[in-house]
Structures are given as structure tokens and as C-alpha cells.
2 protein chains.
Amino acid sequence: MLLDTPKIAPQDCGDCPIRHRAVCARCDTDELLKLEEIKYYRSFEAGQTVVWADDRMDFVASVVSGVATLTQAMEDGRTQMVGLLLPSDFVGRPGRQGAAYDIVATTDLVMCCFRKKPFEQMMEQTPHVAQRLLQMTLDELDAAREWMLVLGRKTAREKIASLLAIVARRDASLNMVPAAGSLAFDLPLTREAMADYLGLTLETVSRQVSALKRDGVITLQGKRHIVVPDFDRLLEEAGDDNDGGMLS
Amino acid sequence: MLLDTPKIAPQDCGDCPIRHRAVCARCDTDELLKLEEIKYYRSFEAGQTVVWADDRMDFVASVVSGVATLTQAMEDGRTQMVGLLLPSDFVGRPGRQGAAYDIVATTDLVMCCFRKKPFEQMMEQTPHVAQRLLQMTLDELDAAREWMLVLGRKTAREKIASLLAIVARRDASLNMVPAAGSLAFDLPLTREAMADYLGLTLETVSRQVSALKRDGVITLQGKRHIVVPDFDRLLEEAGDDNDGGMLS
DNA sequence: AAACGCGATTGATCTGCGTCAAGGCGGGGT
DNA sequence: ACCCCGCCTTGACGCAGATCAATCGCGTTT
């Protein structure tokens, strides 16, 4: 099951994407004023860790620009990325103490943060905010489950194509162009990060990217800039049916 | 990150586990009376499909007894289980139209259902219900992400051990015995269903179960009844640290 | 410009798991 | 009692992807 991200640009509604993506579909209500009071911005450099798993995390936040990853680790060092945070994505666990995963900035990153306590209080007083968060969490759950299919059943080539399709779609959505036909975007992940997301090794990722290039599914400009001449072709390679969009 | 299921038995609070697990931590409030009016029970036989992916699903529900699975399929027939519904688990997507996945009963199954429309109305009027659902959805999200690590990075043997540990823990929780030391339980899944959950083939599952038996990690009575002489040993085999419980 | 470092690519080889195939076991129907 | 049918087990073999290792490209430092 595939979901489309809303076709709303951050600036439609002020400078903070949390206004519509995370919290409030009605941008002229009083809650936003309350939010303004507890809002602050934080910047991170590429490679910086935002929070470590199980550390206290006393804020919830929305990604303004840049990319971050949620990663789990086993004691022996094996790691699995469990989430990719792109601009307008929300992160945080209202009602929970610690962070569940390492959050790491993979590019320079700006987040719009809200202090958690007052945010939770606001949530209690304004039912539609809790409901909005529930909807968002259901979206995340769908995305996680979609990814379980990728991890459990797809081949390396299909995994790469799936990841490219997701990033391409999100990028198109942010720039408000239709996710179809020809697309171009910058891949905000190293080969190693891609491998971590896909349950592969970085060598396999590299080989399969080369293979997709050789077969004309994508072309590369430099290491990171991807051109997708035919989006449907990419979806086919990903093993998806092409009747919908996929969320994060 | 591992989570413990609440140590509350369904019967503490009436015959319907939704009362505390899904909806209401305060069992004496008015909302329960409203719930009674829209509540009904449904039974399914082992193998029956509860709903197909993308079908309308006009109820939310809680599992009273038996086991069901949430499964995704690719067009070519590959399938991946994305969720396992055990007694007291909640299923449903308030605010959403269709089911996201096939829901199939793997044993005889009884569900406590609530008509969705009135349930959603009740949710809107009673903020703490929406918040409870948010917490539950966050739990599910954690479980899904935990499973992403299993699917992406664990070996076949570790996958089997992880699955056994989850079922053992849930079973212990339902029977209100501590999940430690020696445990025994019935595995409510066929080898094929296990394979579907773990991203393996049924042959590999069979081989690894045999290997765990040979190595004394578990003993079998019949095909399905599992005895775990040392739960910590099992966790070790699963590659988990043993400092917490894992949810579903 | 030379030296360095980091990410990416590519090759050679190994191996865990998938695939294909042949029984085994146990319960239910005739 | 017999057979049948679902479910499970076990073996032989092949392959996709992991592992180990060498090299490249390119931006940054000295």
C-alpha cells in the first residue's frame, strides 16, 4: 500500500513545516500561537548525532532542511536504519521518555523543535492535534511496514530501485512537481547509509547502482546526482505496482 | 529498544481486552458504556481471511483469543508478514478508509469489534482515548522498526530465536508469569507463516529450528509445543541484549 | 604539486540461504 | 485398517550477496 505525501510546500504556511505536516491542518488557530512560544531552531552539521538511543529527548521536532536518519545498532556493530527524515518529517515520541534510536544528521540539518512538556500539554488541550499526530504515526507505521517487505523479500536491485523511488518521490513532492516521467534529484546518502537502510553491504549497493546505470534505468552526474529518465521504469525495477505514491 | 507488554490479564476488566489495552486506562468511565453499544464479537476459523488489503474495513477491533497475521503481497506472489496479532492486540486505522494489509486468522480467532464511525466519534469527544491510541501506535511502530533490524541484519538462526523470544514473552505476559528462566508455549504459526514473518523460506526455518533443538536451546514436543529451558540463552541466540522485553 | 583521506568502484572468492526434490509423520475420512 | 492430505524434515546443489582486497577519483591540507 502506497501513500502520497501532501502536495503542500512549507512556505505556504509560514517558515515552519510543522504547521501543517505535524500539528495543525488549520493554520489560523490559536494553537499555533502557543506553539510559537515553545519553538526554537537547532542546526547540525553533516555527520553530527542529534540524539543517542535511550538518551533523554526533551523535544519533538520537524525537519526544516537537510536529512537525518534513525538507526538501530546491535552490540556487535551491525546496524539497521529504520527511518529516513526528510524536510517536513516529524520526529518525536509524545508521552515517551527517551529516544528510541540514534538520530544522525547525514547532511547539514535544521530542525524546528518544540519543548516536549508544553507540547504535550498543548496536545492534551487540543484534541485535533492528538488526532493529527495519530494520523502521522499511522503513516510512519505504514512506511515501516512497507519497508519490511523491501527488507524481507526484495532482491538487491529491487531494494536500490525502491530507495531511489522513495527519495525521488519525496523530492518531487517537496518541489511540487508530479512524480512521473523524468525526474532528477540529489541522493542525500552515502553508499554506506544506503546499505544500512537496505540491509546490504556498501559494495553490493555500489554494484547495483552501477548495474541500474548500465541498464539505463538511471544516469549519474557525479556520485550523488541521479537522473531518472522514466519513473515508471524505476517502479517496475522496484517490484512495485505503479498505482500510487510511497511515503518516506 | 525493547518494550514490555503491560502485565494485565484481559479478565481483570471484563471480557474484552480492548478496555485496557486499546481504549481506556480508566475502566469505570462513561466511554465504556458508549463502547458497549457499538461492540460486537466476530469469530473466524483457522485459515479464514478477516479482511483483504484495500477492502473497506468498517470496524476497529481487539483480539480476544487466537492469532491473526497482517501480510503484504507483491504481484508476483512474494509475501511478507508485517504484523502478528496476539490476544489483547488492537487492529484498525481510525480515520482511514481501507485495510492496509491482508488480515488472516492463523488459528481459530475471536475478535471484539467496534463499528468504526461511532468509535471515531467517541475518540473525538474523549481526548484520552486518542492519546491512548497514539501510544499504542507508537508501540506498534517501535515493534515494526525492531523487526526491520531482524529482517535486515540478522542471520536465519538469529531470526528464528528472535521470533521464539517474542512469542514466548507475549505468552508469558498473557499468563502473567515472568519472562525468564524456563518457559513453555505453543507456537501458533506454521513453518511457512514463520518463514513469511522472517523473510526466509520454510525449509530454512525448519532447518534452523532443528539446529536450535540439536543445540539444546529449545526442545520440541510435537511440532508446535516449544520448551525454552533458558530464556537468556535464547535471547543470546537472538542477538538481543537481555535488558528488556520486546513487544509483539 | 605532492600527500592525504574519504567515498566509491571493481574484482576474486566464499558462504548462507534459496531452490528443487524426495520422503516422513500424524490426524481425519472412508 | 487403510489411504490421503497437510505439514514438516532432510538432502543435494546453485546462486545472490557477503567478504576480502586493490584501486580510483576528488576535494582538502600542507
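The basis for the numbers below is simple: all heavy atoms, side chains too, and nothing from hydrogens, waters or symmetry mates. In what follows, chains are A, B, ... by sequence order, proteins preceding strands, each numbered from 1.
Nucleic acid contact for B:L200: sugar-phosphate only, since backbone atoms but no base atoms lie under 4.0 Å from a heavy atom of the residue. Heavy atoms of A:G47 sit nowhere under 4.0 angstrom from any nucleic acid atom.
Taking atom CZ on B:R191 and atom C1' on C:dC25, their separation rounds to 13 Å, with Å as the unit. One interatomic measurement links the two molecules: CD1 of A:I160 to P of C:dA8, which rounds to 12 Å at whole-angstrom precision. The nearest whole Å value for the distance from the CZ atom in A:R153 to the P atom in D:dA16 is 17 Å. The interatomic distance linking A:L189 (CG) with C:dG7 (P) rounds to 13 Å, in whole Å. In this structure, B:D196 places its CG atom 12 Å from P of C:dG18, rounding to the nearest Å. With rounding to whole Å, A:L202 atom CG is found 12 Å from C:dC6 atom C1'. Whole-Å rounding puts the A:M194 CE to C:dT9 P distance at 9 Å.
Side-chain contact check for B:F44 versus B:M111: some heavy-atom pair is nearer than 4.5 Å.
Mapping A:E203 and A:R157 onto DNA chain D via the closest heavy atom, the residue that lands nearer the 5' end is A:R157. Heavy-atom nearest nucleotides on DNA chain C were determined for B:T201 and for A:T190, and the one closer to the 5' end corresponds to A:T190.
For B:E237 and B:R233, the salt-bridge test passes: some basic side-chain N is under 4.0 Å from an acidic carboxylate O. Using a 4.0 Å cut-off between charged side-chain N and carboxylate O, A:R153 and B:D76 make no salt bridge.
Of the possible donor and acceptor atoms, one in the side chain of A:S210 sits under 3.5 Å from a partner among the backbone N and O of A:S206.
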Name the pairs: protein N/O against N/O of nucleotides 14-16 of chain C, kept only if under 3.5 Å.
none

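For DNA chain D, the residues of residues 206-225 of chain A within the heavy-atom distance limit of 4.0 Å (strictly under) are A:R207, sorted by number.
Remark: A:T79 engages A:T71, A:A73, A:D196 in a side chain to side chain contact (heavy atoms under 4.5 Å, CB included) (not counting sequence neighbours). Contacts of A:A211 classified as side chain to side chain contact (heavy atoms under 4.5 Å, CB included), with partners at least two apart in sequence or in another chain: A:R157, A:Q208, A:R214. Residues passing the side chain to side chain donor-acceptor pair (under 3.5 Å) test with A:D55: none are found, sequence neighbours excluded. Take A:T49 and apply the side chain to side chain contact (heavy atoms under 4.5 Å, CB included) test, not counting sequence neighbours, and it matches A:W52, A:V104.
Under the 6.0 Å distance and 45° angle rule, B:R42 counts as a cation-pi partner of B:F59.
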